[in-house]
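Lettering of chains follows the sequences in order, A, B, ..., and the numbering in each one begins at 1.
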Amino acid sequence: MLKLYNNLSRQKEEFTPIEPGKVGMYVCGMTVYDYCHVGHARVLVVFDMITRYLRHSGYAVNYVRNITDIDDKIIKRANENGEPMQALTDRFIAAMHEDSAALGVLPPDQEPRATTSMDLILNMIQTLIDKGYAYAANNGDVYYDVSKFEGYGKLSGKKLEDLRAGERVAVDESKDDPLDFVLWKAAKAGEPYWESPWGHGRPGWHIECSAMSTHCLGHSFDIHGGGLDLQFPHHENEIAQSEGATGCKFVNYWIHNGFVQINEEKMSKSLGNFFTLREVLKSYAPEVMRYFILASHYRSPLNYSDQNLDSAKSALERFYTALRDVNAAATDGAGDYETRFRTAMDDDFNTAEAMAILFELANALNKAKADNNAEQAAQLAGQLRYLGGVLGLLQDDADSFLKGGAGDDGDAEIDALVAQRNQAKKDKQWAEADRIRDELQARGIVLEDGAGGTRWRRA
RNA sequence: GGCUGGGUGGCAGAGUGGCUAUGCAGCGGAUUGCAAAUCCGUGGACCUCGGUUCGACUCCGGGCCCAGCCUCCA
């Protein structure tokens, strides 16, 4: 029985889909004007893990993750670069897809874009105006009238009066209320625009998600996710828009992942303390990043540091060392370990605890190998690979993972040196054997003499 | 100021009203020509002050501290 933490109620709830056996899930994706950083990687990986686990649990998941390809920052960046907006967004969409694939993130089932959903957006704005939730201002903007929506603030636990008391929003003359938010922005000279009943303009940020999610998944759907920073105002506004327009309950379960932090501080564009994924992947295998993200609970803060990534790397090495030299048996995963794995995952996707079970499996596998129990080892390896796969981990060839890394020496040369050393060992020339081993060590190669011969890996 | 979430061993990170998390690092042993890997064993923790309880790190209340949202942000 899957339980998940619902941000709407601020407690764990049993998950019951609207349609038995099916899950509709929408996640707010990237605004494509720059490369993904580690914070973006977390959203991608976390919701990929959730999708994979839901599928493992037997649900047919319709996973929708949008792309925001029109907004102020995109316009600004395109102008700075002196390139057409679409050239910019195409480039960063491609980059984002590359980054996702590297992390083992499966493509979403649908990936709608704001610029190709303009009729949906315009329709929804019109509906909101018709129903009295929105008004066209004299400057060409269209605003959502927050006071008209009962329950505004229910997701983030905010009250209108509190928001007004803590007023920090620059007062905009054309709004009836400073808390009203924009649905349609009138185009200034030189800005890209679309035709609308209210003149040339572009959509506000929040409306695209309401329009695209309800279009792809229906007026009501099961799960809506995104980073914690989207809870307010973005998701709050989505609720106001969608429920205002459709009159239906928008989403049953809201899921938000925690931040990636650096030195106890949120990693973010505005603070400038971010690392792009591509930078990090120069030093670490993508699977190390994925493990690092999944080793802690998705709602906890995740502290980014080299030390923590090194630790993630060591953990993966332990798994792959156990898996090395074993032919994993085909399995449907069922068994005691799977039961416990599932219990952990059913508790609000507790990947940290699930990981502990995988380590137990690795331990049992190592023992079976030491006992020369090939059949049992094959079974355990199969289980480990299967359950790892549910998390999108441990699918690589063990030896290539362990030999991968930053080394620039050719494998053939290393093999030759290993052979030389083995000859020296056979001749009991220990000094020579150790000299070669030290030489390889200095190049970041670690040797392991085992029953089946000498193996090496990159440290 | 309002509203969230959190404070666990050297580090990372789960969890539980009384019983081993787990990984990395440390220590002892096995194994090894010596190592590495592996196995076995082992030390070490629950911010603080009260309350509930036979018993609380775990539940309740106060305090202190941290992060986040209230402005674009995954």
Side-chain angles (χ1 to χ4, degrees), chain A residues 5 7 10 27-31 36-47 71-73 76 153 155-159 161-170 179 205 225-234 236 256-261 263-271 274 291-292 295-297 299-303 305 307-319 321-322 324 344 347 350-360 362-363 365-367 369-371 402 425 428-431 433-434 437-438 441 445-451 454-457 459:
Chain A
Y5 182 86
N7 232 112
R10 278 176 215 94
V27 172
C28 292
M30 308 300 119
T31 300
C36 294
H37 66 230
V38 180
H40 298 117
R42 191 175 192 190
V43 194
L44 292 169
V45 168
V46 161
F47 287 97
D71 102 323
D72 291 5
K73 280 177 300 220
K76 182 164 173 264
L155 179 65
S156 52
K158 296 180 190 305
K159 299 189 190 93
E161 53 265 39
D162 292 342
L163 288 166
R164 292 203 175 92
E167 190 61 66
R168 276 161 55 187
V169 188
L179 295 179
W205 174 37
L228 189 56
D229 44 3
L230 299 187
Q231 186 185 39
F232 187 91
H234 185 56
E236 200 70 71
H256 294 103
N257 64 276
F259 298 124
V260 175
Q261 304 187 331
N263 298 325
E264 311 298 315
E265 203 177 47
K266 178 185 171 186
M267 179 185 286
S268 76
K269 292 271 178 152
S270 36
L271 289 170
F274 62 90
Y291 177 87
F292 165 67
S296 56
H297 188 88
R299 284 191 281 118
S300 306
L302 183 61
N303 227 336
S305 70
Q307 193 199 354
N308 290 347
L309 284 183
D310 287 341
S311 169
K313 186 184 175 209
S314 300
L316 272 183
E317 280 171 355
R318 179 168 169 78
F319 284 128
T321 302
R324 188 170 56 182
D347 183 14
N350 194 337
T351 51
E353 182 142 339
M355 222 62 90
I357 292 155
L358 298 192
F359 280 113
E360 285 183 38
N363 179 253
L365 171 54
N366 282 328
K367 279 191 250 190
K369 284 167 75 178
D371 293 346
L402 293 168
K425 277 178 64 182
K428 301 211 186 302
Q429 302 286 326
W430 305 127
D434 291 352
R437 186 171 61 197
D438 290 347
Q441 172 104 44
I445 306 298
V446 179
L447 298 191
E448 295 170 14
D449 295 332
T454 300
R455 312 302 313 251
W456 63 268
R457 64 186 162 87

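- Checking B/U42 for Watson-Crick or G-U wobble geometry (two distances, each under 3.5 Å) identifies B/G26 as its partner.
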Check step by step if salt bridge (charged side-chain N to carboxylate O under 4.0 Å, His left out) holds for A/Arg324 and A/Glu317.
CA-CA 10 Å; A/Arg324 188 170 56 182; A/Glu317 280 171 355; over 6 Å; no
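- Judged by distance alone with a 3.5 Å cut-off, no donor-acceptor contact links the side chain of A/Lys159 to the base of B/C3.
- Counting any heavy atom pair closer than 4.0 Å across all strands shown, A/Asn257 reaches a base atom.
- Across all strands shown, B/G68 is found opposite B/C3 as a Watson-Crick or G-U wobble partner, with both distances under 3.5 Å.
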Distances under 3.5 Å between protein N/O atoms and the N/O atoms of nucleotides 4-13 of chain B, please, pair by pair.
unit_1, atom_1, unit_2, atom_2, d
B/C11, O2', A/Gln307, NE2, 3.2

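- Evaluation of atom-type donor-acceptor distances gives a pair under 3.5 Å for the side chain of A/Lys266 against the base of B/C73.
- When heavy atoms are screened at a 4.0 angstrom cut-off, A/Gly258 is found touching base atoms of the nucleic acid.
- Nucleic acid contact class of A/Phe232 (heavy atoms, under 4.0 Å, all strands): sugar-phosphate only.
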Quick one, give me the B/S/- string for nucleotides 32-43 of chain B, reading 5' to 3', where B means a protein heavy atom under 4.0 Å from the base and S means that only happens at the primed atoms, P, OP1 or OP2.
-BBBBSSSS---
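- A donor and an acceptor atom, one from each side chain of A/Gln231 and A/Ser156, are nowhere located under 3.5 Å apart.
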Verify salt bridge (charged side-chain N to carboxylate O under 4.0 Å, His left out) between A/Asp449 and A/Arg455, making sure each step is shown before the conclusion.
CA-CA 6 Å; A/Asp449 295 332; A/Arg455 312 302 313 251; over 6 Å; no
